[in-house]
Participant: 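If you scroll down you'll find the structure; I have some questions about it.
Read the numbers this way: they start at 1 and go in the same order the structure lists the ligands and their atoms. Note that the numbering runs from 1 along the sequence shown for the chain. Scope of the values below: all heavy atoms of this structure, side chains included, with no hydrogens, waters or symmetry mates.
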Amino acid sequence: MIEEIYSAYNIDKDKFEITPIGNGLINQTWRVKNGQHDYILQRINTNVFKSPEAIAHNVNVVAKYLQQKYPSYLFTVPVKAVDGRELIFLEGDGYYRLTNYVKNSHTINTVEEAAQAYEAARLFGQFTKLLSDFPVAELQITLSDFHNLTLRYQQFEEALQSGDGARLNESKEMIDFIKANKNIVDTYENILQNPAFKLRVTHHDTKISNVLFDDTGKGLCVIDLDTLMPGYFISDVGDMMRTYLSPVNEEEKDFSKIVVRDEYFKAVWKGYMSEMAGELSEEEKTHCVYAGKFMIYMQAIRFLTDHLKNDIYYGAKYEGHNFVRAGNQVVLLQRLIEKEDTLGCDI
Ligand code: GN1
Ligand code: MG
């Protein structure tokens, strides 16, 4: 398969080194380089992204807008294949795309300093801010209902009816916790009706490995625009909270290590607000902690639903993998709720 990709881009296979990078659950990524050329190759999972052309469309319209309005803004665009294609489809495999590797940049997989959280939040905020006049309706939907919490809750309820019997029994405590916190869904539904909440150009995957840093630790740019779509700020801020606040990630089995670090919470919100303070409404600004609850709760639901449905979406590396991930997210949510009254949204 890789031969076809190489020839599409006129890359001499024997002269390039290919190394897998990143830790995404859905797409796969490699670095492809020789002395002169350095690329990032990505395989888009077409079981999940049913129309990769929508991704290409979004990246192109946004790239064009940014190039015209902010020519010095660093934005990675796809490298065209020899015949001009931006995506290479391999029958029975998936879609591939290539981008240039940004010189002297690196990614990190864990947030180890609050300053990294600040930088990432600043960049995701800047991205949305620079696109504040971009007509969001021009973006195509690359994954429908991706952060639609109402639908995620319905899918969870459906799994309660049709899911694996033994797994349902073992998950009782977690199911009860999710049901008991359904007010998080209610708040989301109120947001949808509230004109103070605006649909903006939203990244929807703000994990730390989607930020490029330079050698001094300064953030350079955001990458991975597969889920670039109209959305609410709670998606981007919330997923940063979900993935930056705790020193351990969703894979951690020892739940006693899950903690909400106040300093990182402040760093995320301050970094985001350093760009977005003039864009967000006063009412949106009061929802900074809710943003975290929204995303952590949704992820707990998604992992548990997948466990009940025998791991059809995320897959499992060991028995009960998604049960552990769901339990991890439930604990993270509890830790955040415990601190809810002490974590303020005032900067
Ligand atoms: C998936 O592939 P990755 O790791 O970037 C998922 C996110 C989840 C995340 C949980 C398209 O993202 O929504 O938050 O796993 N992406 C998709 O690790 O479902
Ligand atoms: Mg992604």
Participant: Under the side-chain contact (heavy atoms from CB on, under 4.5 Å) test, which residues partner D346, sequence neighbours left out?
Facilitator: none
Participant: The criterion is side-chain hydrogen bond (donor to acceptor under 3.5 Å, both in side chains); which residues satisfy it with H287, sequence neighbours excluded?
Facilitator: none
Participant: Determine the interplanar angle of the F16 and Y6 rings, folded into 0 to 90°, and report it as parallel if under 30°, tilted if 30 to 60°, perpendicular if over 60°.
Facilitator: perpendicular
Participant: Quick one: report the N, O or S atom of D205 that is nearest to the Mg ion (ligand 2).
Facilitator: OD2
Participant: Please name the residue in the list T227, N27, N210 that meets the side chain to side chain donor-acceptor pair (under 3.5 Å) test with D205.
Facilitator: N210
Participant: So, of the N/O/S atoms that D224 has, which is the nearest one to the Mg ion (ligand 2)?
Facilitator: OD2
Participant: When you pair each N or O of ligand 1 with protein N or O atoms, which pairs come out under 3.5 Å?
Facilitator:
unit_1   : atom_1 : unit_2 : atom_2 : d
ligand 1 : 2 (O)  : L25    : N      : 3.0
ligand 1 : 2 (O)  : I26    : N      : 2.8
ligand 1 : 4 (O)  : L25    : N      : 3.0
ligand 1 : 4 (O)  : K207   : NZ     : 3.2
ligand 1 : 5 (O)  : D205   : OD2    : 3.1
ligand 1 : 5 (O)  : K207   : NZ     : 2.6
ligand 1 : 13 (O) : R302   : NH1    : 2.7
ligand 1 : 14 (O) : R242   : NH2    : 3.2
ligand 1 : 14 (O) : Q299   : OE1    : 2.7
ligand 1 : 18 (O) : E250   : OE1    : 3.3
ligand 1 : 18 (O) : E250   : OE2    : 2.5
ligand 1 : 19 (O) : R302   : NH2    : 2.8
ligand 1 : 19 (O) : Y313   : OH     : 2.5

Participant: Any side-chain hydrogen bond (donor to acceptor under 3.5 Å, both in side chains) pairs touching residues 104-113, not counting sequence neighbours?
Facilitator: none
Participant: Report whether any nitrogen, oxygen or sulfur of D226 sits less than 2.8 Å from the Mg ion (ligand 2) (N, O or S, backbone or side chain).
Facilitator: no
Participant: Determine the interplanar angle of the F323 and H307 rings, folded into 0 to 90°, and report it as parallel if under 30°, tilted if 30 to 60°, perpendicular if over 60°.
Facilitator: tilted
Participant: Would you confirm whether the ring centroid of Y244 sits within less than 6.0 angstrom of the ring centroid of Y264?
Facilitator: no
